[in-house]
Amino acid sequence: MMDDFLFRAVLGGVLLAVVCGPFGAFIVWRRMAFFGDMLAHTALLGVALGLLIGVDVRIGMIATCLAAALILAFGQRQSRIGNDTVLGMLAHSTLALGMVALAFVQGVAIDLMAYLFGDILAVNAADIWLLGVGGAFALGILTWMWRPLLALTVSPEIAAAESIPVERLRLIFMLLMALVIGMAIKIVGVLLITALLIVPAASARFFARTPEQMAIGAGMFGAAAVLAGIALSWHVDTPAGPSIVISAAAIFILSAGFAPVMRKFVS
Amino acid sequence: MTAPLIEGRDLVLSFGNERVLDQVSLAIHPGEIITLIGPNGAGKSTLVKTLLGLQKPDHGEVVRKRGLTIGYVPQKLAIDQVLPMTVKRFLTLTRSASRAECEGVLGQVGAGHVIDAQMSQLSGGETQRVMLARTLLLRPNLLVLDEPTQGVDVSGQAELYRLIEDIRRDLGCAVLMISHDLHLVMAKTDQVVCFNRHVCCHGQPETVRQHPEYRSLFGVREADAIGIYHHEHDHEHDLSGHVVGGCGHDHSHDHSHDHHHHAHDHGTTVKEGAGTHQ
């Protein structure tokens, strides 16, 4: 008989991995890994603000991630300061601001480790609902704008010449990323979320011939990593978030080794 | 004359202190092939990007005909290896199409065998053909090509221009292209725009070739060499029955005086400056 909290952990983790797959593929294609990191860093400020103002910390995290994505989108419109510098400044200033703000929160014991590394075994019903509804929303919008977003990833010039609203799609994609990362922090934490986005996508690259195959493959590899990580945590009593990331890394190494063999076999 | 598909009016653009477009006006009408030629750094790509709306001009405006469909082949396309992409999938980048449709357009450009290949494995010439094929699926009114023969060997270049001409004939679309292949272009285009930050001269190839600004831009030797090439092409086209450029003077007469070509009055008028040949 499966324990309730274990069932919730598995359900929440798999839901998240499936949502992260296609988003992770885009992060890999668009070389935005640092962007994911930055957004996650700002989430801590959201936790602090949530506690200070007295709103749900999940809402606080998602709200600050969205705000950071918007600030970044405007920061990228100028060219005197490079995008990576804008990202770095935003990430670490907001992280510092979050830490300072947390010091003002009185009377609440905050498990900082839970935010840094996630606490998938503490996932509750409200988290599942948020993941389900928010994830479906994010995936729905992504599917709707899939073709033009991919076109602008391949060539912004072709996309713009053929009347695709390049700037608007970029902004929507960044906001969706912020939403996904804001939802994911409870599961894998601020420090590990980028791994859940990029490692399964990188693994899927070895087997994919089209962008769509890579996106779906990333979701499947991510789900497998979640299951393996929770199993590891359950049997060997390791921390769950890091175990998921280690499993994802192991899947990547296996894929890298297995793909050449498979290619030889096919051809 | 029918309304232009796309028209740039008095376009001005500077990058820093450098003026890249200086009062440029250019109109592209349905069905015509316009070729932009000019030295490196003349701002040809910038002009094309401004017309396409990829670059905002400081002054001036671009007027598009309503419902205009543009097929754009950029100067180069580097699809990163991190993005898996078959040729079939690339063809459907901005518009869906069946496998049969994809096979059809690939066959048209002579690249039918690559449909399942990865884009990153294609040669330069194959990439150009596939990019052309993709625009065919859009059924454009205007095809825009930025140096379509980049990375293509000499024999492939002539074939590619032939292909572009065929596409124009089949689709009835207008073509705007940038090219360095002077001698090939001169034979395959209706209008040549000689461009160096402003429109130096503009007209049918026959006219432009004798324009002093053109000759100073490309050097007399180069310009004459093209003249000879052009004659060979004229001859070829006389045989097959159509005259490139439709410039209306007597080509057979021209041909008999091959070597003194430039000394002759062709009965065509050259307007100085940015005028259009009438």
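By convention in this document, chain letters (A, B, ...) are assigned in the order of the sequence lines, proteins followed by strands, and residues within each chain are numbered from 1.
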| query | Can you name the closest pair of heavy atoms from Ala151(A) and Thr94(B) and give their distance? | reply |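 So the two residues come closest at CB-CG2, 3.8 Å.
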| remark: Correct closest heavy-atom pair for Tyr72(B) and Glu162(A) would be N-OE2, 3.6 Å
If you draw a 6.0 Å radius around [atom1] in [X], do more than 12 non-hydrogen atoms from other residues or ligands fall strictly inside?
X: Gln75(B); atom1: CD; result: yes
X: Met145(A); atom1: CE; result: yes
X: His59(B); atom1: NE2; result: no
X: Phe137(A); atom1: CZ; result: no

Give, as side chain, backbone, both or neither, the part of [X] having an atom under 4.5 angstrom from any heavy atom of chain A.
X: Leu138(B); answer: side chain
X: Leu83(B); answer: both
X: Thr69(B); answer: neither
X: Arg134(B); answer: side chain
X: Lys88(B); answer: neither
X: Ile70(B); answer: both

| note | Looking only at Pro74(B), Ser96(B), Ala78(B), most heavy-atom pairs under 4.5 Å shared with chain A are made by Ser96(B)
| task | Mind ranking Leu54(B), Val73(B), Val144(B) by heavy-atom pairs under 4.5 Å with chain A and telling me who comes out on top? | result | Leu54(B)
Counting only non-hydrogen atoms closer than 4.5 Å, can you tell me which residues of [range] sit against chain B?
range: residues 202-216 of chain A; value: Arg205(A), Ala208(A), Arg209(A), Thr210(A), Pro211(A), Glu212(A), Met214(A)
range: residues 163-185 of chain A; value: Ser163(A), Ile164(A)
range: residues 24-42 of chain A; value: Val28(A), Trp29(A), Arg31(A)

| task | With rounding to the nearest 0.5 Å, note down the distance linking CG in Leu150(A) to CZ in Arg89(B). | result |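 So the gap between those two atoms works out to 5.0 Å.
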| remark: CD1 of Ile158(A) to CG of Leu52(B), rounded to nearest 0.5 Å, is 11.0 Å
| message | For Glu147(B), give me all partners under salt bridge (Lys or Arg N to Asp or Glu O under 4.0 Å), at least two apart in sequence or on another chain. | response | none
| task | Start with the C-alpha gap between Val154(A) and Met119(B), add the side-chain angles, then the distance that decides, and say whether side-chain contact (heavy atoms from CB on, under 4.5 Å) holds. | result | CA-CA 11 Å; Val154(A) 169; Met119(B) 286 298 288; over 6 Å; no
